[in-house]
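Note sheet for the following structure.
No hydrogens, no waters, no symmetry mates; every other heavy atom, side chains included, goes into these values. Only a predicted model underlies this, so the values are computations on that prediction, with no experimental measurement involved.
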Amino acid sequence: YLHDVGLFDEQLFLYYEDLELAWRGRARGWRYRYVPDAVVRHVHSASTVEGSALFDYYNERNRLLILTRHADSGIVVKALARYLLVTASYTRRDVVSPMLRKQAPRPRIPLRRLRALGGYLRMASRLCRRR
């Protein structure tokens, strides 16, 4: 399989690299089956802490990157539009509304999402060329 499909994409580093590998395999004709007796043990968030800045960055960035590389353009456009709308909603809730109430803004989530979007934008053109 790995000889035919290739190894993990090292640019993804954390999160979604396994899905990206499977998507490449599917494009090359590989099929996947459910085996009810198979047992897989997965340590969730073994590399990072769920909810940490590192987790949020790679999880969001890589999800958008693999969609851009493998999904139809309509799905990519919808995912990016949704990402921007959700980010705007967090910005309204955590930054704008508190400021209007003369409270301290809480920009942590919007800033993390914007950072992930920036990372995505830096890498997206390279991934599209390899599509």
Side-chain angles (χ1 to χ4, degrees):
Y1 180 88
L2 295 176
H3 182 1
D4 183 42
V5 175
L7 301 176
F8 286 118
D9 184 343
E10 292 180 7
Q11 292 181 335
L12 294 177
F13 181 58
L14 290 168
Y15 304 112
Y16 287 91
E17 71 282 0
D18 51 348
L19 177 61
E20 196 280 328
L21 183 70
W23 214 324
R24 274 189 280 143
R26 186 183 70 167
R28 295 196 50 81
W30 287 86
R31 297 184 56 164
Y32 308 99
R33 296 193 178 165
Y34 170 67
V35 179
D37 295 333
V39 176
V40 175
R41 302 219 190 284
H42 178 272
V43 179
H44 181 69
S45 296
S47 301
T48 64
V49 175
E50 186 172 3
S52 70
L54 194 64
F55 174 90
D56 289 347
Y57 175 79
Y58 284 108
N59 194 49
E60 294 292 348
R61 184 199 75 168
N62 290 357
R63 181 178 61 82
L64 294 172
L65 285 171
I66 67 154
L67 284 174
T68 299
R69 184 169 183 189
H70 296 288
D72 294 330
S73 59
I75 292 172
V76 175
V77 168
K78 285 179 185 175
L80 287 171
R82 181 176 172 83
Y83 192 87
L84 291 171
L85 286 171
V86 169
T87 302
S89 177
Y90 280 124
T91 302
R92 179 176 163 247
R93 182 193 75 182
D94 295 346
V95 177
V96 176
S97 291
M99 290 175 70
L100 291 174
R101 291 190 308 268
K102 306 226 187 291
Q103 297 172 345
R106 301 175 311 275
R108 183 179 60 93
I109 293 173
L111 288 175
R112 284 184 181 183
R113 291 183 63 83
L114 289 172
R115 182 173 173 254
L117 182 63
Y120 160 77
L121 291 172
R122 282 189 296 277
M123 292 182 69
S125 63
R126 281 183 277 169
L127 281 180
C128 288
R129 278 187 243 125
R130 292 177 18 198
R131 204 172 171 177

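The pair Asp56-Arg115 does not meet the salt-bridge criterion, since no charged nitrogen lies less than 4.0 angstrom from a carboxylate oxygen.
Judged by distance alone, with hydrogens and angles left aside, the side-chain atoms of Asp9 form a donor-acceptor pair with the main-chain N or O of Gln11 at under 3.5 Å. Here the side chain of Thr87 pairs no donor or acceptor atom with the backbone of Arg113 at under 3.5 angstrom. The backbone N or O of Leu12 lies less than 3.5 Å from a partner atom in the side chain of Asn62, making a donor-acceptor pair. For the pair Arg122 (side chain) and Leu117 (backbone), a donor-acceptor distance under 3.5 Å is absent. Asp94 places no side-chain N or O within donor-acceptor distance of the main-chain N or O of Arg108, the cut-off being under 3.5 Å.
Scanning all heavy atoms of the two residues, the minimum distance from Ile66 to Tyr16 falls at CD1-CD2, 3.7 Å. Nearest heavy-atom pair across Ala79 and Leu67 is CB-CD1, 3.7 Å. Across all non-hydrogen atoms, the minimal contact from Pro98 to Arg92 is CD-O, 4.3 Å. Of all heavy-atom pairs between Tyr83 and Glu60, the closest is CE1-OE1, 3.2 Å.
Side chains of Leu2 and Phe8 form no contact here, defined as non-hydrogen atoms less than 4.5 Å apart. With a 4.5 Å cut-off on side-chain heavy atoms, Tyr57 and Leu14 do not count as touching.
By the criterion of side-chain heavy atoms lying less than 4.5 angstrom apart, applied directly or through intervening Ile, Leu, Val, Met, Phe, Trp or Tyr residues, Leu19 is grouped together with Tyr58 in one hydrophobic cluster. Note: the hydrophobic cluster containing Val86 does not contain Val76 (ILVMFWY, side chain heavy atoms under 4.5 Å, direct or indirect links). Trp23 and Met123 fall within the same hydrophobic cluster, where Ile, Leu, Val, Met, Phe, Trp and Tyr residues are linked whenever their side-chain heavy atoms come under 4.5 Å apart, directly or through other members. Val77 and Leu64 are assigned to two separate hydrophobic clusters, defined by single-linkage of ILVMFWY side chains at heavy-atom distances under 4.5 Å.
The side chain to side chain contact (heavy atoms under 4.5 Å, CB included) search around Asp4 returns Arg28, Trp30, not counting sequence neighbours. The side chain to side chain contact (heavy atoms under 4.5 Å, CB included) check on Arg93 picks up Tyr90, Ile109, with sequence neighbours excluded.
A perpendicular orientation is assigned to the rings of Phe55 and Tyr15, their planes being inclined by more than 60° (bins at 30° and 60°).
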Are Tyr120 and Thr68 close enough, and set up right, to give a side-chain hydrogen bond (donor to acceptor under 3.5 Å, both in side chains), and what steps lead you there? CA-CA 10 Å; Tyr120 160 77; Thr68 299; 2.7 Å; yes
